[in-house]
Structures are given as structure tokens and as C-alpha cells.
Protein chains: 2
Amino acid sequence: MKKKTRVNIYDVAEEAGFSISTVSRALNDDARISAKTKVKVKAAARRLGFQKNAIATSLSTNQSKVIGVLVSELNRGFLSSLVHTLEDTAFAMGYSVIICQTNNSHEREKTYMDTLIASRVAGIIATLSLETDSYEHFEKAKEQGIKVVLVDRVSPKIKSTTKIVIDDYQTAFEGTQHIIGQGYDKIAYVSGPTKQLLYADRLRGFEQALKVAGLPLNPEWIEYSDDLSYEEGTRIAKKILSRKDKPNAIFTANNLAAISTIAYARQIGIRVPEDLGVIGFSEEPFSAFMQPSVTSIRQPSTEMGKLAVQKLVEEINADPGESYIHQKIILDTELIPRESTNRLCKR
Amino acid sequence: MKKKTRVNIYDVAEEAGFSISTVSRALNDDARISAKTKVKVKAAARRLGFQKNAIATSLSTNQSKVIGVLVSELNRGFLSSLVHTLEDTAFAMGYSVIICQTNNSHEREKTYMDTLIASRVAGIIATLSLETDSYEHFEKAKEQGIKVVLVDRVSPKIKSTTKIVIDDYQTAFEGTQHIIGQGYDKIAYVSGPTKQLLYADRLRGFEQALKVAGLPLNPEWIEYSDDLSYEEGTRIAKKILSRKDKPNAIFTANNLAAISTIAYARQIGIRVPEDLGVIGFSEEPFSAFMQPSVTSIRQPSTEMGKLAVQKLVEEINADPGESYIHQKIILDTELIPRESTNRLCKR
DNA sequence: AAAAGTTGTACAAGCGCTTGCATAAGTAAA
DNA sequence: TTTACTTATGCAAGCGCTTGTACAACTTTT
């Protein structure tokens with residue numbers, strides 16, 4: 001039958017001359033075990049190279065020190081930075097992190113949810129995939145006692161869950177005000193798909209800022225893209241900039257599109273920021289390194305990541321007796337003015 | 001005492017009217033169970049919403065479907081792309097991935113190794129941290145029967161381990177030849193710390209290419225940096241470009257330094273690529289988007305990631321009877337010529 | 001019809017740890 | 001010295017699953 005491969009507490013117990021329960025308690029620093037015994041047990045464990053089997057502990061205690069992270073893709077600036085922080089914070093709090101990339105597939109999101117439930121993770125931190133429009137799998141996890149925290153891409157349909165977001169409306173509003181403040185008055189907007197709450201909010205914020213400033217809202221200057229890729233950015237910039245009535249600034253709902261917009265503009269001889277101001281949502285690592293550098297809006301990925309883990313662990317450790325209060329936390333964004341909208345004070 | 005929280009195979013057994021062993025075998029599609037029984041058992045499981053406890057399985061079988069990934073940091077282009085692929089491939093092969101960022105700390109690498117051993121992962125894919133100079137923790141993992149695959153940053157001191165790398169010497173050699181081919185003849189080099197094998201190899205390749213081409217190797221044109229950050233790149237560019245005898249091309253051992261070199265050069269009125277050619281190692285997502293776009297060397301992160309997982313799983317599933325043959329796999333890199341070295345054919 | 005195979009299913013031990021409870025040893029109070 | 005507490009340790013059950021082996025109930029062979 002099975003053979004035990006590694007050193008276990010039975011071996012330690014024998015080596016130390018105590019029972020396994022004493023060994024277990026000693027290793028877990030249980031108050032009932034005397035200091036002397038603990039020293040002996042730990043010495044024996046060290047001598048034997050004992051390494052506690054986390055699996056067995058997990059089975060026995062019915063809980064694990066693992067957090068599942070559901071995220072669409074890792075190789076995007078914001079998300080990789082978010083996951084970086086998630087992992088770092090989790091490590092500091094004694095948790096490991098299982099990464100699950102959904103590739104924006106609802107199906108895969110559900111599959112992963114099952115895996116995570118089967119692995120009995122302590123909690124899940126998730127950014128909804130673009131496709132996701134039903135949420136039973138989240139209910140399922142919660143029924144199984146797995147705590148969930150939602151970050152960035154959330155849905156009001158998932159109830160009783162901590163959510164950590166930015167105020168997309170307000171942020172877009174302020175971004176627009178920044179451009180206006182730089183003296184641009186004919187502003188175009190490149191949006192993502194508005195069925196995603198987040199893009200709809202951003203667009204609303206943009207429109208509201210124009211209205212408040214008394215600027216015209218030209219429907220021709222609002223364009224939509226499904227993926228806001230570099231190529232899409234170029235395509236849309238071409239479209240917008242070939243109109244008779246050209247805008248003198250463009251606000252794009254992500255940063256990649258901003259970059260391709262700038263590249264295209266310069267290519268056809270439009271100077272940035274002199275003739276055209278460009279601002280993008282979502283800071284990317286390269287935003288600062290471009291020529292000109294790109295004004296953009298930093299989403300606080302570090303703060304979001306930290307908070308997500310902290311809140312999750314807080315809920316995991318919450319007294320099951322009293323009901324935990326779920327918060328929706330809205331974090332501040334930061335506008336980073338750079339050259340691409342710097343029309344006023346030349347350097 | 002403990003209370004069982006979720007549906008287990010006992011419940012399923014009762015519901016289906018079989019013993020738990022039959023249920024277990026039925027759910028695992030064991031050949032000894034009749035088709036009829038399987039159908040009944042699976043139906044019962046579905047009715048009850050049964051979800052197998054992976055922890056218990058793991059304890060029982062002494063193996064898990066989890067791969068640990070040790071990596072210095074997630075928010076770097078190459079690594080985030082590598083991890084992206086690792087996760088994707090692992091998922092396709094039925095494995096989950098635990099991410100462990102070492103932040104280039106040897107200490108943390110060791111801590112994580114212990115965690116991974118305690119979690120009884122099936123295997124580990126690792127990129128050595130910059131600091132790492134002793135390797136007992138890898139031996140420890142292997143003693144515990146955990147398979148290891150090393151990627152990119154490897155060490156000859158770790159024996160009997162599959163390694164997946166690029167040929168740094170050859171790649172630097174070819175990169176240098178590219179610059180020479182573009183008509184640059186006074187070439188400087190910005191190296192990382194040469195105690196890292198990889199940086200030493202790159203430097204050798206560079207030097208060899210100069211020698212072969214009969215070009216001078218000016219020691220003043222070789223500079224070293226510990227971290228090759230953006231700021232370091234600027235500092236070194238400043239140093240190199242302020243010499244009386246200026247080079248007309250610079251090869252940097254990563255891409256970030258290349259970008260800051262270009263930025264600095266342009267700032268002081270040196271035209272790229274006309275007056276100065278710049279080429280960088282390690283493609284970053286922004287390399288293509290810069291003005292001018294940056295010639296660089298793509299490390300095949302996707303291929304490396306795929307291979308790493310495949311080889312690891314292959315070894316995990318290898319017959320323990322016969323000895324597994326560890327390979328060192330060297331993958332081709334790809335030089336991506338862009339504007340920053342395009343001195344010959346102007347567009 | 002008896003012997004020898006085939007199935008198909010159940011029993012029970014085991015994976016390595018935690019933990020409620022019992023018990024033994026040590027100490028303070030009566 | 002006995003009783004009443006503490007304090008320290010051990011016993012054994014249990015977490016949910018896998019799996020070697022035993023054993024029925026059928027088939028097939030001779």
C-alpha cells in the first residue's frame with residue numbers, strides 16, 4: 001500500500017520522546033505545552049528535517065492559507081501590477097496565491113471557480129472577466145464558505161461582497177477638466193464598450209465635464225472600440241482626425257489607444273501637445289517614457305491590491321458569529337500631467 | 001468537535017446506495033465499476049452538488065495538481081509574459097499555479113521553497129533571483145520528490161534539472177553584428193552585473209563580435225550597472241556620451257536602459273538613429289511604441305513558458321523506475337530591427 | 001455439475017495532522 | 001495528609017479521500 005515518503009510528526013514524536021499530539025501542539029506553540037518540551041520537540045523536528053504537511057493540516061482544520069486570484073490576463077500593465085501587490089501582501093500575511101487567468105472567458109471563470117472551491121481556498125479575489133454576465137458561480141463559492149473580494153471590474157448584481165473600485169465617473173470628469181484647463185476646447189473621446197459599467201461611467205464623466213464647462217458635445221467626436229488595442233487606437237485616430245471639423249484634444253479610455261493616437265498624429269504632421277492634446281486612462285509602464293510622455297490617469301493598483309488582501313483576510317478571520325459588514329471602497333485616482341497635454345507652460 | 005461542512009462522498013454513497021469506495025472509483029472512472037453504477041453515482045453526486053475535496057485527494061494520493069512558480073517580480077515585461085504563458089499552459093494540462101515572487105531576495109526564495117514543499121506541490125518552475133548564490137533549497141525540494149525546471153536565469157551548480165534558456169552569448173553576438181551591419185563602428189556596451197552568468201555571456205558575445213569585425217574594443221565604452229533601471233540608463237548614457245571619444249552606437253543589456261539612453265541622447269541634441277544607434281536586450285511591451293521605436297532582442301517568453309510546463313509535467317509523470325533525462329534546452333531569440341538602429345534605409 | 005475465471009462491490013486501513021477529553025503529575029490550599 | 005486546583009501530556013477519533021484485498025454473484029470452461 002502507500003508508503004510514507006517524508007518525515008512526519010510520528011517520526012518527530014519518536015525522536016523527541018513525546019506523543020504526536022504533544023508534538024503537534026508544541027510545533028503550533030500551543031499554550032498548554034511547557035517551554036522545555038517545545039524546545040525539545042522543535043530540536044527533534046530540526047534534526048529530522050521535518051516539514052509540516054500543509055495538506056494534512058488543511059484537511060484536518062478544514063481551512064487553508066491560500067487565496068485564489070481570478071484575473072483576466074497577467075500581461076497588462078494594471079493587472080500585472082495589481083497581482084504583483086496582491087501576491088506581495090498575501091505573502092506578508094502568511095498566505096499563498098493561486099493565479100487563475102480567465103482570458104476574459106466566462107466559461108473559464110466558472111471552471112476555475114470550481115477548481116478553487118475544490119482546493120478549499122480560504123478566499124478569492126476577483127476581477128470580473130469582460131464576458132461575465134451571470135454570477136451564480138460567485139454565489140456558489142460563498143455558499144461553500146469561501147470569502148470573496150471584487151476588485152476594479154465589479155457588478156452590482158453580486159451582493160454581500162467587499163468591492164474595491166475607483167470612481168470612473170469622477171475620474172473621467174476630472175481628466176476632462178484637466179484638458180479643458182490646458183486650453184483645449186474641442187475634445188474627442190475614445191470609449192471602450194459601454195455595456196461594461198466602467199466604460200459607461202467614464203463616458204458619462206466626460207460628457208458631464210463638457211457640459212459643466214459649456215463646451216460643445218459633438219457626437220462625431222465620440223468613438224467606440226471593443227478592445228482599445230494599439231491598432232484600434234490608430235484606426236480611430238485616423239477617423240477622428242480626418243474630419244473637416246477636427247478636435248484639438250482626444251481623451252482615450254485606456255493608455256494604449258492614447259499612445260497610438262499620438263503616434264498617428266505625429267506621423268501626419270500634427271504636433272502633440274501644441275495642435276492636439278492627448279490624455280489616456282490607466283497608466284501603463286511606458287506612459288512616462290514616450291516622446292512626448294503621455295498624460296494619464298493612474299489607477300491605484302498598489303493600494304487596491306493591498307486593501308483587497310487585507311479586507312479578504314479580515315473577513316476570513318472574522319468571528320463567524322456576528323455578521324461581517326461588506327464595504328464598497330472607492331479609491332482616489334491620480335491624474336499625472338505630462339507633456340502630451342502640456343500646452344500652457346512649455347519647458 | 002469538527003463538523004463536516006460540505007457534501008462528501010459518504011453523502012453521495014448514501015444517496016446512490018453504494019459504498020464510498022464504489023463511489024470514489026465511479027467518480028474516478030475506474031474500470032472495475034460498471035457503467036450503470038457510474039451513471040447512478042454521478043447522478044447522485046450532481047443532485048447533491050458534490051464537489052470533490054482536492055485536499056483530501058491530495059493527502060491520500062500524496063500528490064497534487066499544483067505547480068509552484070518562483071519568479072523575481074511580476075511587473076516586468078518578460079516575466080509577466082512568461083508567467084502568463086506558464087499559467088495558461090498549466091491550466092490546459094490540468095494544473096493550478098501558485099505564484100511566488102522572490103523580489104530578488106535569496107531569503108524569500110528559501111522561505112517560499114519551504115512553503116512549496118509544505119504544500120506538496122507536484123513541481124516547481126523557477127527563475128533564480130539575482131541574489132541567489134547557494135542552491136541547497138533546490139536540492140531540498142528535489143530530495144522531497146518535487147520536480148524542478150529552471151528558466152532563463154539558471155546556474156550550472158544546480159544539477160540534474162531541466163533548464164530552459166536562450167544563448168546569451170550568441171544573441172549578443174548577433175545583436176552586435178546587426179549594429180555593425182548598419183554602419184556603426186564605435187560601439188559602447190552597458191552591462192548588468194557580470195557575476196550573473198547571463199550578463200557575463202552577453203558581454204562576451206558583444207566583445208567577440210567586435211573582435212571578429214576587427215573593430216576596436218574601447219574599455220571606456222563598457223559600463224556596468226547593478227539594476228539597469230531607467231535612471232541608471234540615463235546616468236550611464238550621460239557618462240558615455242560626455243567622453244571626448246564618443247561612440248556612435250550603444251548596446252544595452254536590457255531594454256529599459258536603451259529607452260533612457262535614447263531619451264537622454266535626444267535631450268542633448270544627439271539624433272537617434274542618425275548620430276547614435278541604440279539596441280537593447282529583452283523586448284518590453286513599449287519597445288515598439290517609442291519614438292523612435294527601439295531595436296531589441298525578443299526572448300521567446302511564450303515558448304519558454306510552454307516548454308517549461310510541458311517538461312515539468314513530463315517529468316512528474318515519468319516512470320519513477322527509469323531515470324529521467326534532464327535536458328538543457330536553448331531557444332532561439334529574435335532580433336527585432338526597428339528605427340533606433342535604422343541608419344541605412346531611411347523611411 | 002464442479003472447477004475456474006470474471007465481474008462488481010464492500011471493507012477497512014491509511015495519508016498526516018488537529019483537537020476534545022481523559023488522565024497524570026505537580027502545586028497550593030485546607 | 002487529604003482535597004482541590006493547575007498544568008502538562010497522551011489517547012483516540014476524525015477530516016475526506018484512495019486503494020489493496022476479500023468476497024459475493026455471475027459466466028465460462030472442462
Side-chain angles (χ1 to χ4, degrees), chain A residues 1-42 44-45 48-65 117-122 144-145, chain B residues 1-42 44-45 48-65 117-122 144-145:
Chain A
M1 202 177 257
K2 284 150 237 169
K3 46 161 189 242
K4 65 172 254 324
T5 30
R6 320 190 200 191
V7 180
N8 58 24
I9 51 172
Y10 289 88
D11 301 322
V12 177
E14 181 154 35
E15 171 82 14
F18 290 95
S19 73
I20 60 154
S21 48
T22 299
V23 168
S24 171
R25 290 193 171 103
L27 293 175
N28 290 329
D29 275 325
D30 189 295
R32 286 180 293 177
I33 304 296
S34 70
K36 275 183 296 182
T37 305
K38 281 181 189 170
V39 171
K40 283 190 202 160
V41 168
K42 286 176 184 172
L48 263 44
F50 171 76
Q51 188 104 31
K52 175 150 114 176
N53 184 332
I55 300 288
T57 305
S58 202
L59 178 61
S60 182
T61 58
N62 196 30
Q63 57 184 13
S64 72
K65 287 293 219 175
I117 293 174
S119 316
R120 301 301 192 255
V121 295
Q144 304 276 328
Chain B
M1 202 179 259
K2 286 150 235 169
K3 47 163 193 239
K4 65 175 254 327
T5 29
R6 322 191 198 191
V7 180
N8 58 24
I9 50 171
Y10 289 86
D11 301 322
V12 177
E14 180 154 37
E15 171 82 13
F18 290 97
S19 74
I20 61 154
S21 51
T22 299
V23 169
S24 171
R25 290 195 168 100
L27 293 175
N28 290 329
D29 275 326
D30 189 295
R32 285 180 292 177
I33 303 297
S34 69
K36 273 183 297 181
T37 305
K38 282 181 188 169
V39 170
K40 282 189 202 160
V41 168
K42 285 177 183 172
L48 264 44
F50 170 76
Q51 187 104 30
K52 175 151 114 174
N53 184 332
I55 301 287
T57 305
S58 205
L59 179 62
S60 183
T61 59
N62 196 30
Q63 56 184 14
S64 72
K65 287 294 216 174
I117 293 174
S119 316
R120 300 301 192 257
V121 294
Q144 304 277 328

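Letters A, B, ... are given to chains in the order of the sequence lines, protein chains preceding strands, and every chain is numbered from 1. Just so it is clear, the structure is predicted and the values come from calculations on it, not from any experiment.
- With the nearest nucleotide of DNA chain D identified for both B:Ile55 and B:Thr22, B:Ile55 has the one nearer the 5' end.
- Out of D:dT9, D:dC17, C:dC17, the shortest distance to the side chain of B:Ile9 is found at D:dC17.
- Toward the 5′ end of DNA chain D lies the nearest nucleotide of A:Tyr10, the other residue of the pair A:Tyr10 and B:Arg25 mapping further downstream.
- For the salt bridge (charged side-chain N to carboxylate O under 4.0 Å, His left out) test, no residue two or more places apart in sequence or in another chain qualifies with B:Lys65.
- An end-to-end axis angle of 50° holds for the helix from C:dA1-D:dT30 to C:dA30-D:dT1, taken from five base pairs per end and rounded to 10°.
- Using a 4.0 Å heavy-atom distance criterion, A:Asn28 is classed as a sugar-phosphate-only contact.
- Rounded to whole Å, the distance from CZ on B:Phe18 to P on D:dT19 is 20 Å.
- We find that CG of B:Asp30 is positioned 11 Å from C1' of C:dG8, with the value rounded to whole Å.
- Note: CD (B:Glu14) to C1' (C:dT9) measures 17 Å, nearest angstrom.
- Summarising the geometry, the separation between NZ on A:Lys36 and P on C:dG26 is reported as 10 Å, rounded to the nearest angstrom.
- Taking only side-chain nitrogens and oxygens, B:Asn53 never comes nearer than 4.0 Å to OP1 or OP2 of D:dC15.
- B:Lys38 places its NZ atom 10 Å from the P atom of C:dT9, with the value rounded to the nearest Å.
- Donor-acceptor pairing under 3.5 Å, judged by distance alone, is absent between the side chain of A:Ser34 and the base of D:dA8.
- Map B:Val23 and A:Lys52 each onto its nearest nucleotide of DNA chain C; the residue landing nearer the 5' end is B:Val23.
- Put simply, the side chain of B:Ser24 and the base of D:dC17 share no donor and acceptor less than 3.5 Å apart.
- Residue whose closest nucleotide on DNA chain C sits further toward the 5' end, between B:Arg120 and B:Thr37: B:Thr37.
- The backbone N or O of A:Asp11 lies less than 3.5 Å from a partner atom in the side chain of A:Asn8, making a donor-acceptor pair.
- Judged by distance alone, with hydrogens and angles left aside, A:Ser60 brings a side-chain donor or acceptor within reach of the base of D:dG14, the pair sitting under 3.5 Å.
- Residue A:Ser19 places at least one side-chain N or O under 4.0 Å from the OP1 or OP2 atom of D:dG10.
- The base of D:dG10 sits with one of its N or O atoms less than 3.5 Å from a complementary donor or acceptor on the side chain of A:Ser21.
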